[in-house]
Amino acid sequence: MMSLLLGMLRARRGQAVTLALLAMFAVAAAVAAPAYLQAVDRAVVAGQVATASPAELSLTVQATVNEQREPGGVSFADVGGALVAVPGFTQVYAEEFAAIGIEPDPRVASRLLYRQGACAHLTIVTGRCLAAAGEVVVGEQTAQRLHLAAGDLITLTYAVISTDPTRPIYVADGDATPLTVAGTYRTPEPDGQYWGAHGYFRLDHTARPGEPVFTGAETIRTMSHGPSDVSIDATAIPGTITEARLPALRRDLAGLDARGENLGRALTLTTAIPHLLDRIDRSRDLARRSIPVGAAPLLLLAYAVIFIAAGYGTEGRRPELAVIALRGARWWTRWWLTSGESLAALLAGGVAGCVAGQLLVAAVVAWRFPGVDPPVLGLDALRWAPWALLGAVVAMLAAQRRHLVSGVADLMRRVRAQLTGWRLVTAEIVVGLLAVTATAQLFLTGGTLSGVALAAPALVIVALAVGAARGVVPLARVAGDRALRRGRLGAALAAFQLARRPGAQRLLLLLVAAVGVLGYAVTAADVAARDRDLAAQIGTGAPRVLSVAPLTRQQLLHAVRAADPAGDYAMAVAELPAGGPGEAPKLAVDATRLASVATWRDEYGDLDAAGTGRLLRPAAPAPVVVAGQDVSVDVTVKGADAAKPVGFSVVLSSVTGRGTAVVGFGVLHDGPYTFQQRSAVCVDGCRVAGLHLTPDTTATGVKLTVVLRAIGSINPVAVAAGRADLADPSRWRSDGATLTAAPDGLRVTLDAPEGLPHGAWVQAADVPAPLPVVTTAALPDGTGVAGLDGLPVQVRAAARLTAVPRLGTRGTLVDLEYADRAATDAGEAKRPEVWLGAAAPPDAVARLTAQGLVVTGDNGVAAAQARLAAQGPALAVWFHVLAGILAVVLGAGGLALVIAVDRRERLADLAALRAQGLSRRAAARTQLWTYPVLVATSGVLGLATALIAWRLTGWALPVFGEDMPGLPLPHWPGLVLVPSTWLLAVALLTTVAVTAARPRPAAPTVAASRP
């Protein structure tokens, strides 16, 4: 029996090779999916690690210890080092404390710091780095300000904050230590991974960049000091966080948590590595959901082509099978002689597919994911291969079933009855129901790709292809009748070929599905690329975005405007605090620079950036500015109650970015007073952010009248707000008090029977009221929105947009300076940033740094696009494209196979028609154009199928591996990629059709058993 099988394979080796190749396609698709997923897992990890923040790649353990004054205890270096001892992580030890001796202002202390290996990360400007005990290096700007140079002798003393709350100054708490300045330094990468998240170089309260005084470990050890802040940063070295090491890393982190809990509160362990791992897991999970969506239609197409090939091959053997049936062979012998050679070919092709699928993935990975090791010849990728091969066998047996059960008379017939009736209709109905069920599951689950929903795109494409094939038959019959009436015999015969031959109808179904799969895949890739580009531009807001170290809002505005006086390329940006439930996120921007900096998309609406900036920044009264650092406030107080004291303070914000100060004038008493206080931040002038009256938080029945007579400075002597300015209540606003005009100024009346826990604010009306905003959402009625200080501020919608930069389809923009004036605290900016426009010069960062900003992050559209492109969904979409290309190749192979098998019968039919008078020209046209017309019809229907399937299911394909703001994402592909790939696919199929259908010279002999 085996020798007979081998003889059959030799005699019909063309058919056997064809089936083997088709089985290889099917198994390769099943093997390629898990193999590609393994490569995506590795690429996702590599991409996420490459774009991770320093905190996401490190562990930090911190404590406050006093090892010098409490000798003999457990060393923090030993305990902390053992706690964060994770394989693949390098450790950096640091110790610091406050010291006085070189700063003239007692409110300022030097940050004396030892950090292991610091010299390798500092740029020495003058002198040299540390070489011996008793040496320090100081920052370049500190050295210039304090007139220090290499070789100078200084004295530093350990210091603590005084216990007097009225004089928060540093006082000595140790012996003075003489030290030598070895050199001065600057920091080339203040936000580098080495420095961790300790904020060594952030601006201090005087708006100067932080510059610690670095020293050696021996100096720290021997210098007299009390408790010091110690830390160990453990940072992952390159190659530590990989796909293979993720389970071990999770176990190590779990062990860290357990050890940290055992140590209690003595040590503080912080890390953002779990956030990185969660992001990796999410990205990989989305890829696992997306890749099978691309593999399913390719498998179905491969099975369809196997069905057609096996059916045609067995059709050509009907006389042989009739002889076997006539001789009374038993059913298992008949089954083996009918299916054995096909089964052997499928098995051989399946084995080849196990290798071919992995090699194909390796080639794609080497092309698309350079630097990622592709999985080659691994066993993990073969888990679906047996099932794919089983599906191929089932398709083959289904195609041969009729021949296995047919009688001798039926097998001897030249023209077979078409497969009609309830079986075919039932099969088509089942396919349609499965497509409806899968699509419904997608909608009901909100797009969750699981269960039958994974095959939703494939089922929809197949169902639409079945419907197209079913619908084309009557249309082809009508077209044939019409052509026949007009005497166009060639066209009529071509149409009848499509309408009457079951093989042509199956081929049309196959081609429609193949073109549909490619169209769907290219649509998915195109829309996803456009989505990522749009997300990068909207989510970033500007071509380049710099994150800066914490500072006040006025410092941010002043520094950016000083670096870019003309407003050509830089804009200060900060977030506003979250408001009440349902309140849209808010972003404060320097609206005067919006047009020259922000990336403004057509998707935002009809209003352009310049118009938006003008709406956010209408004319407003000038702020109240105190000219000098010696602040003076004249008041008259009536109704003060010693049992219910009310404090009085003024919040000042430097107009040159020096910072913010709260000047307290103590408790109010009856009588006229002139309060005077010096504030160093106001040496160049300060804006009066607000005057604050603060009763005891528990007091009730608070009543008090304060008349503000004048606000100004005494050095120089200048009036910021005189009697005439104060006597007009419309120029002032208040929260918690009533403002009225008084003969000598502004009367502020407190009347709070139930108390005033947050006090009362009096501010200049130096912003439009209500504050104009541009928003995409409805604004709260009457309650206002949360301002920069967290308190409600009344706003009005100056315009409605579809989307806004950074916040997407749900967000609100406000002018940063106006929002700062409307706030009561002139405090720290929330998530301060500097947006740089396309016209930013190469030294833009240097210019901003020169104004005191400490850049802690540098992002932009290009970086955001790269980050999104390295996530699981973006990597998975390339598998869809690969599946689409292979689908067209399968379609072309099926087309060539059908044409080759049909050629002999079609030639016989045409010969009969020629004998009845059909012209040679009409016969040639029929032979040449039947299949190209079928390809053209399939191409149009395939493109329509792809777009319909995309509209029904494409929205569920994941695009991003992270949470994104609401975006006005495009639903349809562009006008270039999909049409161009469709034309290429149709051109390829047409070339195959024309080449395979071209008349061939007759061979001397024709083997009767060959198809």
Side-chain angles (χ1 to χ4, degrees), residues 620-626 631 633-641 644-653 660 662-665 667-668 673 675 686-697 699-712 720-772 782-796 818-827:
V624 176
V625 176
V626 176
V631 182
V633 181
D634 294 344
V635 300
T636 299
V637 182
K638 292 183 180 179
D641 185 350
K644 301 174 182 179
V646 177
F648 180 51
S649 60
V650 178
V651 179
L652 301 169
S653 179
T660 304
V662 179
V663 179
F665 294 120
V667 176
L668 294 174
Y673 293 95
F675 295 111
C686 276
R687 177 180 65 86
V688 178
L691 296 91
H692 199 191
L693 301 171
T694 52
D696 186 286
T697 56
T700 58
V702 177
K703 290 187 177 182
L704 182 68
T705 299
V706 178
V707 177
L708 298 174
R709 303 195 310 271
I711 302 173
R723 182 173 300 178
D725 302 317
L726 292 164
D728 182 3
S730 65
R731 300 184 61 179
W732 301 87
R733 65 181 189 274
S734 178
D735 179 21
T738 303
L739 304 181
T740 55
D744 52 349
L746 179 67
R747 181 183 294 111
V748 182
T749 303
L750 293 183
D751 187 1
E754 297 181 359
L756 206 61
H758 303 292
W761 285 93
V762 178
Q763 296 176 278
D766 52 2
V767 295
L771 195 64
T783 59
V785 301
L788 286 170
D789 55 0
L791 300 177
V793 58
Q794 295 301 316
V795 297
R796 63 176 177 84
Y818 280 179
D820 184 46
R821 292 185 191 178
T824 57
D825 61 355

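Each residue takes its place number in the sequence, starting with 1. Note that these values count all heavy atoms, side chains included, but never hydrogens, waters or copies made by symmetry.
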Heavy-atom distance under 4.5 Å between the side chains of D766 and R733, does that happen here?
-> yes
Can you check side chain to side chain contact (heavy atoms under 4.5 Å, CB included) on V688 and V625, steps first, answer last?
-> CA-CA 6 Å; V688 178; V625 176; over 6 Å; no
R687 and D820 ion-paired at < 4.0 Å = yes
Indicate yes or no for a side-chain donor-acceptor contact from H692 to the backbone of G664 under 3.5 Å, with no hydrogens or angles considered.
-> no
Heavy atoms only: give me the nearest A765-S730 pair and the separation to one decimal.
-> CB-O, 3.7 Å
Between CG of D735 and CG of L791, what distance do you get to the nearest 0.5 Å?
-> 6.5 Å
For Y673, side chain to side chain donor-acceptor pair (under 3.5 Å) partners two or more places apart | none
Determine, step by step, whether L708 and D634 satisfy the side chain to side chain contact (heavy atoms under 4.5 Å, CB included) criterion, reporting the C-alpha distance in whole Å, the side-chain angles of both residues, the deciding distance to 0.1 Å, and the verdict.
-> CA-CA 6 Å; L708 298 174; D634 294 344; over 6 Å; no
Do R731 side-chain atoms and A764 backbone N/O form a donor-acceptor pair below 3.5 Å?
-> no
Interatomic spacing from CD1 in I711 to CG in L726 - rounded to 0.5 Å | 5.5 Å
For the side chain of S734 and the backbone of W761, is there at least one donor-acceptor N/O pair under 3.5 Å apart?
-> yes
With sequence neighbours left out, write down each residue that passes ring pair (Phe, Tyr, Trp, His ring centres under 6.0 Å) with F648, or none if nothing qualifies.
-> F665, F675
Minimum heavy-atom separation for V706 to V635, with atom names?
-> CG1-CB, 4.1 Å
Any donor-acceptor pair under 3.5 Å from Q763 side chain to A689 backbone = yes
4.5 Å side-chain heavy-atom contact, V637 and T705 | no
Which atom names give the shortest non-hydrogen contact between A822 and V793, and what distance separates them?
-> CB-CG2, 4.2 Å
Worked verdict on V646 versus V667 for side chain to side chain contact (heavy atoms under 4.5 Å, CB included) = CA-CA 6 Å; V646 177; V667 176; 5.8 Å; no
CA sep, side-chain torsions, deciding dist, call: T660, L652, side chain to side chain contact (heavy atoms under 4.5 Å, CB included) = CA-CA 6 Å; T660 304; L652 301 169; over 6 Å; no
Donor-acceptor pairs are to be reported for all side-chain atoms of residues 746-757 against protein atoms at under 3.5 Å, with residues two or more places apart or in another chain.
{"from": "R747", "atom 1": "NH1", "to": "T740", "atom 2": "OG1", "distance (Å)": "3.3"}
{"from": "R747", "atom 1": "NH1", "to": "A741", "atom 2": "O", "distance (Å)": "3.1"}

Rounding to 0.5 Å, atoms CG (L704) and CG (L668) come to a distance of 6.0 Å
Below 4.0 angstrom, N of the basic side chain to O of the carboxylate: do R723 and D728 qualify?
-> no
Within the side chain of K644, is there an N or O that forms a donor-acceptor pair under 3.5 Å with the backbone of D696?
-> no
Kindly give the heavy-atom pair with the smallest separation between V624 and A720, and that separation in Å.
-> CG1-CB, 3.7 Å
Nearest non-hydrogen partners of A620 and P768, listed with the distance = CB-CD, 3.8 Å
